[in-house]
Protein chains: 2
Amino acid sequence: MPERSSILSTAEVRKPVVAASAVREFARGGFHGTTIADVARDAKISPAYVFKLFPSKERLFVAALDECFTQILASLSNGADGAEDQSPEAVLFAMGDAYARLISDRTLLLLQVHAQSVAEIEEVGDALRAGLAQVTNFTKERSGASDEAVQRFIAYGQLCHLIVTARIEEIPESWALLLSAGIRHPA
Amino acid sequence: MPERSSILSTAEVRKPVVAASAVREFARGGFHGTTIADVARDAKISPAYVFKLFPSKERLFVAALDECFTQILASLSNGADGAEDQSPEAVLFAMGDAYARLISDRTLLLLQVHAQSVAEIEEVGDALRAGLAQVTNFTKERSGASDEAVQRFIAYGQLCHLIVTARIEEIPESWALLLSAGIRHPA
DNA sequence: GGAAAGAGTGAGTGTATAGTCACTCTCATG
DNA sequence: CATGAGAGTGACTATACACTCACTCTTTCC
């Protein structure tokens, strides 16, 4: 493999662009409900070239999921930095707020739910667990909160996923209000 | 050649049997990852007859989801009846215990996660919301607990779904133990 | 100029699958 | 025992989709 110029190859630039398209498209349709052609169209390349960049649909989905968790971690970190004070409670609260803002367009949230639903695919399950490990570890270490508080943080995050996927916040009934009470709704 | 049964059933008897097959198969593969042929095979009828009983794949999925929530409600009710005492805390605890036992084989839990992931399909979203309404209302009324306690009950249920779908309880790492701490694991 | 490597694609292949339809078989009833 | 309603299916259609391959075009470097 002879060394080429110092300019980044187009493929290295393309990959994250296609991954970003994959995030959007898989978030919309899920793994089985999204085609390579959908992603290719969004990325404005041919389906054939998608397979030059990613060896299989599974690996493309994993790339999208990795990108998703990267954004979540960045957002949590940012949020924590902007906390009122650095007490565990304040940091956790700020992280929750940042997360609520991040998922306001539903994309990253839906992708996580779709990933959960195809976690039986080994590559997807591995990527999901890796992402959850990062989020959990980061939350614990950055906030310094107790295990119980971190567990509660994640549990209410999951409740938030349910509320958004099932569009519960749009329902003006008592049970729906009960479930979404206090869950921060993005502007 | 499969032998034709010499005893004909009636459609009214067949329907719930096929719905039960649909629960199992859709729980395994999700909506897009399961075929009518899969369900038909499990129910030991031809794919064509599935369409005589249910007009579309969507409606079959909805029938499976309805059956799922029916079982959940029955289980919660049973659990509540067996509570140590009838204080809200004891009843909620008993319901959580009953739910944990019910989903011990993963089937009903996975079906709910798959339903969440295709909630954009209107019929599925409607059925999911109806089921959640029933579960939330029943939990509130039967236990007499506060809104906050019921919300927490559902939130930790969702955390439970995450733990099971991602097989987090099998991981011997600190983040995994943190997430699954205190979540009741059925025998 | 020209060779080599890589970017990118058009045109397939093989397979799967939702849904249909014309048909046969069973059985309760008169 | 004849009939008709309903149980049940084999064979089909039409479409979609993951993945492949032979090919061209572009850039780089001598």
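The basis for the numbers below is simple: all heavy atoms, side chains too, and nothing from hydrogens, waters or symmetry mates. In what follows, chains carry the letters A, B, and so on, assigned in the order in which the sequence lines appear, proteins first and then strands, with residues in each chain numbered from 1. This is a predicted model, so every value here is computed, not measured.
Residues satisfying the side chain to side chain donor-acceptor pair (under 3.5 Å) criterion with A:Lys57, sequence neighbours excluded, are absent altogether. Listed by chain and number, the residues in a salt bridge (Lys or Arg N to Asp or Glu O under 4.0 Å) with B:Glu120 are A:Arg106, A:Arg167 (sequence neighbours excluded). Applying the side chain to side chain donor-acceptor pair (under 3.5 Å) criterion to A:Arg142, with sequence neighbours excluded, gives A:Asp81, A:Gln86. For B:Phe61, the ring pair (Phe, Tyr, Trp, His ring centres under 6.0 Å) criterion is met by B:Phe26, B:Phe31, not counting sequence neighbours.
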Between side-chain atoms of residues 150-160 of chain B and protein atoms elsewhere (two or more places apart, or another chain), which donor-acceptor pairs fall under 3.5 Å?
{"from": "B:Gln151", "atom 1": "NE2", "to": "A:Leu179", "atom 2": "O", "distance (Å)": "2.8"}
{"from": "B:Gln151", "atom 1": "NE2", "to": "A:Ala181", "atom 2": "O", "distance (Å)": "2.8"}

Side-chain donor-acceptor contacts of residues 66-74 of chain A below 3.5 Å, not counting sequence neighbours, with atom names and distances?
{"from": "A:Glu67", "atom 1": "OE2", "to": "A:Gln71", "atom 2": "NE2", "distance (Å)": "2.8"}
{"from": "A:Thr70", "atom 1": "OG1", "to": "A:Asp66", "atom 2": "O", "distance (Å)": "2.9"}

Identify every side-chain donor-acceptor pair in residues 90-100 of chain A under 3.5 Å, counting partners at least two apart or on other chains, and give the distances.
{"from": "A:Asp97", "atom 1": "OD1", "to": "A:Arg184", "atom 2": "NE", "distance (Å)": "3.1"}
{"from": "A:Tyr99", "atom 1": "OH", "to": "A:Gln112", "atom 2": "NE2", "distance (Å)": "2.9"}
{"from": "A:Tyr99", "atom 1": "OH", "to": "A:His161", "atom 2": "NE2", "distance (Å)": "2.7"}

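Not a single donor-acceptor pair under 3.5 Å links the side chain of A:Asn137 to the backbone N or O of A:Gln134.
Atom OH in A:Tyr49 sits about 12 Å away from atom C1' in D:dT26, given to the nearest Å. Remark: P of D:dA7 and CD1 of B:Ile45 are 12 Å apart, rounded to the nearest angstrom. Atoms CG (A:Leu53) and P (C:dG6) sit 14 Å apart, rounded to a whole Å. A straight line from NZ of A:Lys15 to C1' of C:dA7 spans 14 Å, rounded to a whole angstrom.
The stretch residues 20-30 of chain A has no heavy atom under 4.0 Å from DNA chain D, so no residue of it qualifies as close.
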Sugar-phosphate means primed atoms, P, OP1 and OP2; the rest is base. With that split, encode nucleotides 10-21 of chain C 5' to 3' as B, S or - using protein heavy atoms under 4.0 Å. B------SSBBB
